[in-house]
Number of protein chains: 2
Amino acid sequence: MVRKTKLDAELTRQSIIDAAREVFLARGVSRSTLEHIAAQAEVTRGAVYWHFKNKTEIFHALRDQVFLPLIDRMDDTLAVDNNDDSLTQIEHSLCDTVHELNKNIKMRQTYEIMMTKCEYIDEFATVLQQILNNCSSITDKFELAYERAKSKNLLAGSHSPHALALDTHLFFSGLLHMWVKDTDGSKFRFQATELIKAHINLRRK
Amino acid sequence: MVRKTKLDAELTRQSIIDAAREVFLARGVSRSTLEHIAAQAEVTRGAVYWHFKNKTEIFHALRDQVFLPLIDRMDDTLAVDNNDDSLTQIEHSLCDTVHELNKNIKMRQTYEIMMTKCEYIDEFATVLQQILNNCSSITDKFELAYERAKSKNLLAGSHSPHALALDTHLFFSGLLHMWVKDTDGSKFRFQATELIKAHINLRRK
DNA sequence: TATTATATACAAACATGAATGTATGTAAAC
DNA sequence: GTTTACATACATTCATGTTTGTATATAATA
């Protein structure tokens, strides 16, 4: 078989991305060769070079497919200003993210790659900056939610929504990092939801 | 010059480690070659191979020099059961770590390498496990300190020392990650101390 | 103490493998 | 007939590990 239909080609492209995810996860980005990826996708390097300029481009394609949607999703669950308890809303947003990571293997693997199997240098360094930006966007959403909680008199103590939001953001960053590193699930994954609840309960009146 | 005195040789060894830190930071561990490191240390690869088996061994030497001491230091500041306010003790322990990272360039660079410039695969994977272990050791120390705080009736609310310790640990993990990524210091570094204070104040009665 | 032997601390050269990118070939889709 | 979607072959670079050479520090010996 040689020349495929457009659909076939798109499937090939996707299978290369999927293969890259497996290979990156197993060998780390830098030690993964295009030959590894091609073999895993059951094509030759020719196909890989046809669809992608180089390994970096595959990496970015992989990232865009699952990482960005997760950010958007968090944004969404936080944005809605329904008449729910705002603290519960934050809690749900965090739990939802963890839940999504739990059930979505591709997303989980991609996250693991991005956090522990790649080096943020040169062309990857910009990714770090993007992560920081996404983070401050999410922190802003937290802050708004905490402000709503404050105005509804749901908060214990008299802490500023801004400080609370930063604290929650750092907590969740830490949780995600540990969640990813805890591959056997014995330390964090099994109790992630409880940790989130406890974190939010610290703030409840 | 060829054969040096034992002291000279030790200086050479150290300069190779220092060179590796610079090179790792600039190019990432995987893209750093022994030639790069040798050049930075102003020796040849012959010297590098004399002192180290390979790049991995240099990495571990680098890590042991600054990473382990930092863990020990945290352990120490937390272990003492003086009659200080236990919450302040935790706060000081965290601030002290941040302060150390601020003033100790080598430590800061090494931390940055370990967090964003290396891939945790194969021989490095064990490092991840060690990190997790160190973390739970520190979490235990937090928990003991929170128990002391509770018995002295310093805590707001009725949260368990265990939950508080985990929350603090995750907060601090997140903070360190962001602190490292925030290389220009505009988002986290400048207010790390305030963030820590705010985190602890959430717990104060 | 002077001489000799040996191990040390590298430098320099070499040999090898592996990854990359490119160029070319080709059969089927359009 | 032309372009597409690859496979195959080729050229080049580059990093690694090893081997060899060598001047000197240091230990052994006389």
Side-chain angles (χ1 to χ4, degrees), chain A residues 1-62 113 117-119 121-124, chain B residues 1-62 113 117-119 121-124:
Chain A
M1 33 88 226
V2 232
R3 161 87 151 116
K4 317 279 194 60
T5 171
K6 263 200 192 309
L7 177 67
D8 286 336
E10 184 50 40
L11 290 177
T12 301
R13 189 188 130 91
Q14 185 56 49
S15 75
I16 291 172
I17 295 179
D18 287 336
R21 182 162 25 75
E22 303 285 349
V23 175
F24 286 166
L25 191 67
R27 323 180 62 116
V29 174
S30 70
R31 293 188 188 180
S32 300
T33 74
L34 296 186
E35 175 61 35
H36 293 145
I37 295 172
Q40 174 79 19
E42 294 177 316
V43 292
T44 64
R45 276 171 49 240
V48 175
Y49 273 106
W50 172 256
H51 286 284
F52 303 95
K53 191 181 156 203
N54 51 34
K55 197 163 69 176
T56 306
E57 228 183 80
I58 305 180
F59 179 85
H60 277 109
L62 172 60
I113 292 165
K117 317 295 191 182
C118 92
E119 300 177 1
I121 297 289
D122 298 338
E123 64 267 34
F124 297 107
Chain B
M1 31 90 224
V2 232
R3 162 90 150 111
K4 318 276 195 60
T5 172
K6 265 194 191 305
L7 176 67
D8 286 336
E10 184 50 39
L11 289 178
T12 301
R13 187 188 132 91
Q14 185 56 48
S15 76
I16 291 171
I17 295 180
D18 287 335
R21 182 163 25 76
E22 303 285 349
V23 175
F24 285 166
L25 191 67
R27 321 179 65 115
V29 173
S30 70
R31 293 187 188 181
S32 299
T33 73
L34 296 185
E35 175 60 36
H36 293 144
I37 295 172
Q40 174 79 21
E42 295 178 314
V43 294
T44 65
R45 276 171 49 242
V48 175
Y49 274 106
W50 172 257
H51 286 283
F52 303 94
K53 189 182 158 202
N54 51 33
K55 198 163 69 175
T56 306
E57 226 184 83
I58 304 180
F59 179 85
H60 278 109
L62 172 60
I113 292 166
K117 318 284 191 194
C118 92
E119 300 177 1
I121 298 288
D122 298 338
E123 64 267 34
F124 298 107

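Numbers restart at 1 for each chain; the letters A, B, ... are given by sequence-line order, proteins then strands.
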Test item: [X] side-chain N/O and [Y] main-chain N/O as donor-acceptor pair under 3.5 Å:
X	Y	result
Thr33(A)	His36(A)	yes
Asn54(B)	Glu57(B)	yes
Lys55(B)	Ser30(B)	yes
Glu119(A)	Val29(B)	yes

Out of [options], which nucleotide sits closest to the side chain of [X]?
X	options	answer
Thr44(A)	dT8(D), dT26(D), dG17(D)	dT8(D)
Val43(A)	dA11(C), dA7(D), dT20(C)	dA7(D)
Lys55(A)	dT20(C), dT8(D), dG21(C)	dT20(C)
Leu34(A)	dC6(D), dG21(C), dT16(D)	dG21(C)

Can you check the [X] [atom1] to [N] [atom2] distance for me, whole Å?
X	N	atom1	atom2	result
Tyr49(A)	dT4(D)	OH	P	21 Å
Asp8(B)	dT24(D)	CG	C1'	11 Å
Ile37(B)	dC10(C)	CD1	P	16 Å
Arg45(A)	dA7(D)	CZ	C1'	11 Å

Self-check item: Sub-4.5 Å side-chain heavy-atom contact between Cys118(A) and Phe24(A)
Solution: no
Does [N] have OP1 or OP2 sitting under 4.0 Å from an N or O in the side chain of [X]?
X	N	value
Trp50(B)	dC10(C)	no
His51(B)	dC10(C)	yes
Thr5(B)	dT26(D)	yes

Exercise. Scan residues 10-30 of chain A against DNA chain D and write down, sorted by residue number, each residue with any heavy atom closer than 4.0 Å; if none is found, say none.
Key: Thr12(A)
Quiz item: More 5' along DNA chain C: Glu35(A) or Gly46(A), using each one's nearest nucleotide?
Solution: Glu35(A)
